[in-house]
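These notes concern the structure reproduced below.
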Amino acid sequence: MIETTASTHPLVTRPSSKDALSAALVIVVTLIALSAGYLLRNSVETRTKLYTDPSGVTIYYPDNWQLKASNLKSAPIQVRDLGGRGFPSTLELRRVVVDPKVDDKSVLGLVGNNLAVNRAGSLSSFKLFNLTPGQTIKGLPGAKAHYVFVDNSSGVFQEGIPSVVLGDDYLVRKGGNIYIFTLQATQDNRPDALQIFDRFVESAQLP
């Protein structure tokens, strides 16, 4: 007769308290590293500089973007992200003087259409998707416009490949002035650029 004996070794072993502590420490260290990376990225993305225009406009823009200053009379304030490849995401603020007696909807539509006509004459394959007056922006009468164009300029990395650029305009009426906030970015850069654009618009103090 063959006798069998029960194994004295359990089939499933439980981790020791030392192993459990080590695993917990690994998780904690990983979470701290991820949090530190997120905070660093958020700090870089939200760090800004203040620009005050001679006309009294103040606005914040990303401090790692390049500023082209203006007095808002003949050219826009412009900031560009030159750190990426291809067409650089661009923010602009310009001012158009209008007749304060003309109603908001009419004058916003007129300025928006004039801007589209000027762009159609200077930008390749420009197409206006929509222009919608009757908006409220920064608590003021406003309008929004969306458009697209093709940028044919080439840089070191582009090798002459055209970029399809999406554009957004926010037009804000304040008395005898219309302030036009503009974002231009490629499809790939647009999600991040839109967040920066919203902060750019919100930060502006208009005289």
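Just the heavy atoms: all of them, side chains too, but no hydrogens, waters or symmetry mates, feed the values below.
With sequence neighbours excluded, the residues satisfying side chain to side chain donor-acceptor pair (under 3.5 Å) with Asp103 are Ser106. By the side chain to side chain donor-acceptor pair (under 3.5 Å) test, Ser203 pairs with no residue at all, sequence neighbours left out. Legend: residues meeting side-chain contact (heavy atoms from CB on, under 4.5 Å) with Leu82, ordered by chain and number and at least two apart, are Gln66, Arg80, Pro88. For Phe126, the ring pair (Phe, Tyr, Trp, His ring centres under 6.0 Å) partners two or more places apart in sequence, or in a different chain, are Tyr147. Shown here are the salt bridge (Lys or Arg N to Asp or Glu O under 4.0 Å) partners of Arg95, two or more places apart in sequence or in another chain: there are none. The side chain to side chain donor-acceptor pair (under 3.5 Å) test applied to Asp104 returns Arg173, not counting sequence neighbours. With sequence neighbours left out, the side chain to side chain donor-acceptor pair (under 3.5 Å) criterion links Asp81 to no other residue. The side-chain contact (heavy atoms from CB on, under 4.5 Å) test applied to Gln135 returns Thr132, Ile137, Lys144, not counting sequence neighbours. By the ring pair (Phe, Tyr, Trp, His ring centres under 6.0 Å) test, Phe197 pairs with Tyr170, sequence neighbours left out.
For the residue pair Arg94 and Pro76, the shortest heavy atom distance occurs at CB-CB, 3.7 Å. Residues Ile59 and Ala204 share a closest heavy-atom pair of CD1-CB, 3.9 Å. Annotation for Ser55 and Pro207: closest pair O-CG, 3.6 Å, computed over non-hydrogen atoms. Of all the heavy atoms in Val98 and Gly175, the pair that sits closest is CG2-O, 4.3 Å. Residues Tyr51 and Ala69 share a closest heavy-atom pair of OH-CB, 3.4 Å. Residue Ser125 comes nearest to Val150 through the heavy atom pair CB-CG2, 3.8 Å, listed as atom of the first residue, atom of the second, then distance.
Criterion: ILVMFWY side-chain heavy atoms under 4.5 Å apart, direct or through other members. Under it, Leu183 and Ile77 are part of a common hydrophobic cluster. Under a hydrophobic-cluster definition in which Ile, Leu, Val, Met, Phe, Trp and Tyr are linked whenever side-chain heavy atoms come within less than 4.5 Å, directly or via other members, Val172 and Leu110 are assigned to different clusters.
Identified under the ring-ring contact (aromatic ring centres under 6.0 Å, His included) test for residues 91-119, with sequence neighbours left out: none. Annotation: ring-ring contact (aromatic ring centres under 6.0 Å, His included) contacts involving residues 172-195, sequence neighbours excluded, are absent. Identified under the salt bridge (Lys or Arg N to Asp or Glu O under 4.0 Å) test for residues 116-137, with sequence neighbours left out: Arg119-Asp169.
The side chain to side chain contact (heavy atoms under 4.5 Å, CB included) with Leu91 is formed by just one residue from the set Ile196, Val201, Thr182; it is Ile196.
Going from atom CZ of Arg47 over to atom OH of Tyr61 covers 13.5 Å, rounded to the nearest 0.5 Å.
Without hydrogens or angle criteria, Asn118 side chain to Asn114 main chain gives a donor-acceptor distance under 3.5 Å.
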